[in-house]
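Proteins get letters first, then strands, A, B, ... in listed order; numbering begins at 1 in each. These values consider heavy atoms only, across backbone and side chains, with no hydrogens, waters or symmetry-generated copies.
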2 protein chains.
Amino acid sequence: MSDVAMQQDPPLVGREALPGNGEVARIELIAVVIAVSADTPLVLTRAEGTLLPAGPLETRHRSLQAGLRAWVEAQTGHPLGYVEQLYTFADRNRGGAGRTISISYLALARESRPLPGAAWQDWYRYFPWEDQRSAEGRALAAALAARLQVWAGGETARRERVEVCFGLGGLPWNEELVLARYELLYEAGLAGEAARDAHLPPPTFAAGMMMAFDHRRILATAAARLRAKIKYHPVIFELMPESFTLFELQRTVEAIAGTKLHKPNFRRMVESQNLVEETGEVAAAGRGRPARLYRFREAVRRERASAGTRLPVVRA
Amino acid sequence: MSDVAMQQDPPLVGREALPGNGEVARIELIAVVIAVSADTPLVLTRAEGTLLPAGPLETRHRSLQAGLRAWVEAQTGHPLGYVEQLYTFADRNRGGAGRTISISYLALARESRPLPGAAWQDWYRYFPWEDQRSAEGRALAAALAARLQVWAGGETARRERVEVCFGLGGLPWNEELVLARYELLYEAGLAGEAARDAHLPPPTFAAGMMMAFDHRRILATAAARLRAKIKYHPVIFELMPESFTLFELQRTVEAIAGTKLHKPNFRRMVESQNLVEETGEVAAAGRGRPARLYRFREAVRRERASAGTRLPVVRA
DNA sequence: TCGTCAATACTCAGAGAGAGTATAAATTGG
DNA sequence: CCAATTTATACTCTCTCTGAGTATTGACGA
C-alpha cells in the first residue's frame, strides 16, 4: 500500500449525490499522538490523562486531517508531523437526534512542552501489562492471564483467546495484540471502563489507568498499529532526534514494542537494511566507550517502499 | 492488531459531547466486494461497472457495517461475509451546504449471481497493468512506465516514484503498490479520471477502464490492502470454496497478487504453515494425476494471530 | 503399453535469524 | 598512572528458511 499517499487526504473529487433520506452525523476527530522519551513511550493527553486530543470537524476545516491538526494544536500546542488514519467508529447520541462518527488518527512526534491542561503521559500507565521489558510487567500479564482463565472457565473459545493473547501454553508473547488483550480485559470486567459503561459500581480491581469514553480503546488500537508497523516500515525515525546512537534507536524500538531486543542482532538488522548512515560524530561520553552517531538515510523512503513482504514468486 | 475484532464495529459507548459549532455531514458507505473465479479476480459493481455498491448511512442502520451490508444486499443481492474497514474520505459537496464523509470497506466473497443492474467485473479491466502474470500486462506496465518517465522529465522525485512503482532500474516489481501506481497515472493524466475531474476533454489515451467519482481510487486502495494482507493473514480462504486443491489455492493467490508463484515452494509454504488439511478426497480428474482436496483448518485462526512479523527479540 | 500431463516429492545451495563470544575505547577509583 | 568497569563494536557459528531446480508418482489416452 502507498503509505506516503495514505498519510495525505486524497484529492477532492465529487462523489455520488445522495438521496435525501440519508441521515446527517456529527464528525469527531481524535488523535493519538505518540512520542518516546528515553525508555518511555508517551501519549499526548488532556484532562489529567483521561482524554485524547479531539474535536469536531468544522466548516472552516479544509480536510479531515487539517481539522485534526487544528484541534491538536489548539488543545495541546503541539503541531503534528506524521499522521495516519486509524479507524472510524460510529455511535448513536444518547438523548439526541443523529449520530457521531469518530475518525481516529495515529500521529508520531518528538516530545515537546504542551500547553497547560495537556500533558504527555507514560503510555504504560494505561497498559502496564504491555511492558514486557520489566519483571513487573511480565508478572502483571501473568496475573491477568490467570484471572482471565478463571473467567473463561470451560469455554474453549475464550480459553484459546487468552492463550493466544498472553502467550500461554508454549505460544510466544505477541506484542502486536494490544487491542485484543484490552478487549479481553474489558469483556472480563478487568478494565475499569467495563463497569462504568454498564452503569455498575467501580470494581475492586481494575488493570491500568482508565480514560474517558472509549479513548483507551482507541489508544490500544493505535499502539497495536504502531507495534506492527515499526517492523516493516521505518516510521520509528519519526520518533527520533536528528542524530542518535544505535543503542538509543534500539531503546526507542524497545519502548514501543515493550520487549527487550538482542543488541548485536538489532545492530546487524539496522545496518544490513541501510536505514542509517554515520554522521561522523560520537555521542557525548557517559560511561564506557562513546557511541557513534547516526542519522536516518533519506533514500530509505524510496527503497523501503519496494520491500514489502514475501510470496514465493517465480522470477523471469 | 486484532484483525478479528477490527472486522466488528466496536461496542457502543458514549463519546464526548460536542459543542454546537460542529458541522454535520452526510455519511456514505462504499463497498469493494472481491471474489475470484478460476484465474480472474472479480469486483462487484453497478451501472455497467462504473460504480461500486454504496449508499448513505440511514437512521435505521444500527451500525456502519450494518448499513453497508444492507446497501450491498439491496443493490446487488449479495450478502456480505468477511468485511474490513479501508479508509475514510471527506469532500465538500458542490453547490450545497455540508460535506460528505465516505467510509470505504473491503469485503471478500465467493462468486454468486447478482441482481439485475449489478455485475461482477474482471478487476483487471480497471487495472490491466497490474496483471503481471501475462506478457500483455507486463508489456502494458512497461509502456506506462516509459510514458511516466517522459512525464517525470528531470524531476528526480517523480523519476524515483516511477522507478519504485514499476520496478525499474533493478528494483523488483512490488505488487502491493497498486494505489501508488494509480496515483502516478492520475497525476500524469494517464488515468481517464484526471481529465474528467479537471473538466478537460477526454484524452487520446487512458489506461484501464474508468469508474465514476473516485471509485477506481477506492478500488486501488482495496486491492493494495488485499495484496498486502494475503501474505500475513489467511484471508485468502474467504475467497475459496469449502474444499480445493493446492493448485487452485495457488491460482487464487496468483489472481489476487497478479504474479506467478513457484509451485513447489508455494506448496511447501502452505503445508509448513499448517493452513490446510486433506479432506481425503481427490478432485474429479481432468488431465494428469488427480489432485488431493484440502480444506482450511479452523485452528488456523488461533495460530495465525500469534504469528506476526519479526523483531530480533531476546528470549528468556 | 507407452507417452503425456499434472500432482507430488525430494535436493541443494545460499541468505538470514538467533544466540553467543571477543575486542575496542572510554570512564572511574585506587 | 594503572586496573577494573562499562559500553560500543566486531566477529562466529548454527540452524532455519527460501529460491530454484529436478525426480517421481498416478492418472488418462492414443
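In this structure the side chain of Thr40(B) never reaches within 4.5 angstrom of the side chain of Trp123(B), judged on heavy atoms.
Protein atom CD of Gln250(B) is 12 Å distant from nucleotide atom C1' of dA6(C), rounded to whole Å. Nucleotide dG19(D) holds its C1' atom 14 Å from the CE atom of Met269(B), rounded to whole Å. We find that CG of Leu249(B) is positioned 15 Å from C1' of dA7(C), with the value rounded to whole Å. Between Phe266(A) atom CZ and dA19(C) atom C1' there is a gap of 17 Å when expressed in whole angstrom units. With rounding to whole Å, Lys231(A) atom NZ is found 20 Å from dG16(C) atom P. dA19(C) atom P lies 12 Å from atom CG of Leu261(A), rounded to whole Å. Summarising the geometry, the separation between CZ on Arg287(B) and P on dA7(C) is reported as 11 Å, rounded to the nearest angstrom. Computed from coordinates, the Glu271(B) CD to dT18(D) P distance equals 14 Å when rounded to whole Å.
Within 4.0 Å of Arg268(A), counting heavy atoms only, lies at least one base atom of the nucleic acid.
Gln250(A) places a side-chain N or O within 3.5 Å of a backbone atom of Leu261(A) that can act as its donor or acceptor partner. The main-chain N or O of Glu175(A) is found under 3.5 Å from a side-chain atom of Arg227(A) such that the two form a donor-acceptor pair.
Side chain of Asn265(B), nearest nucleotide from dA7(C), dT7(D), dG19(D): dG19(D). For His262(A), taking side-chain heavy atoms from C-beta onward, the closest of the listed nucleotides dT28(C), dT9(D), dA19(C) is dA19(C).
Put simply, Lys263(B) has no side-chain N or O that comes within less than 4.0 Å of OP1 or OP2 on dT8(C). Contact check, Arg267(A) against dG18(C): no side-chain N or O comes under 4.0 Å of OP1 or OP2.
Where Ser272(B) and Pro264(B) meet DNA chain D, the nucleotide closest to each residue was compared, and Ser272(B) sits on the side nearer the 5' end. Nucleotides of DNA chain C nearest to Tyr294(B) and Gly288(B) differ in position, and the one nearer the 5' end is that of Gly288(B).
Cation-pi geometry between Arg147(A) and Trp129(A) is not met: the NZ or CZ atom fails to fall both under 6.0 Å from the ring centre and inside 45° of the normal.
Between the side chains of Glu111(A) and Ser37(A), at least one donor N or O sits under 3.5 Å from an acceptor N or O.
Side-chain N/O atoms of Arg289(A) and base N/O atoms of dT9(D) include no donor-acceptor pair closer than 3.5 Å.
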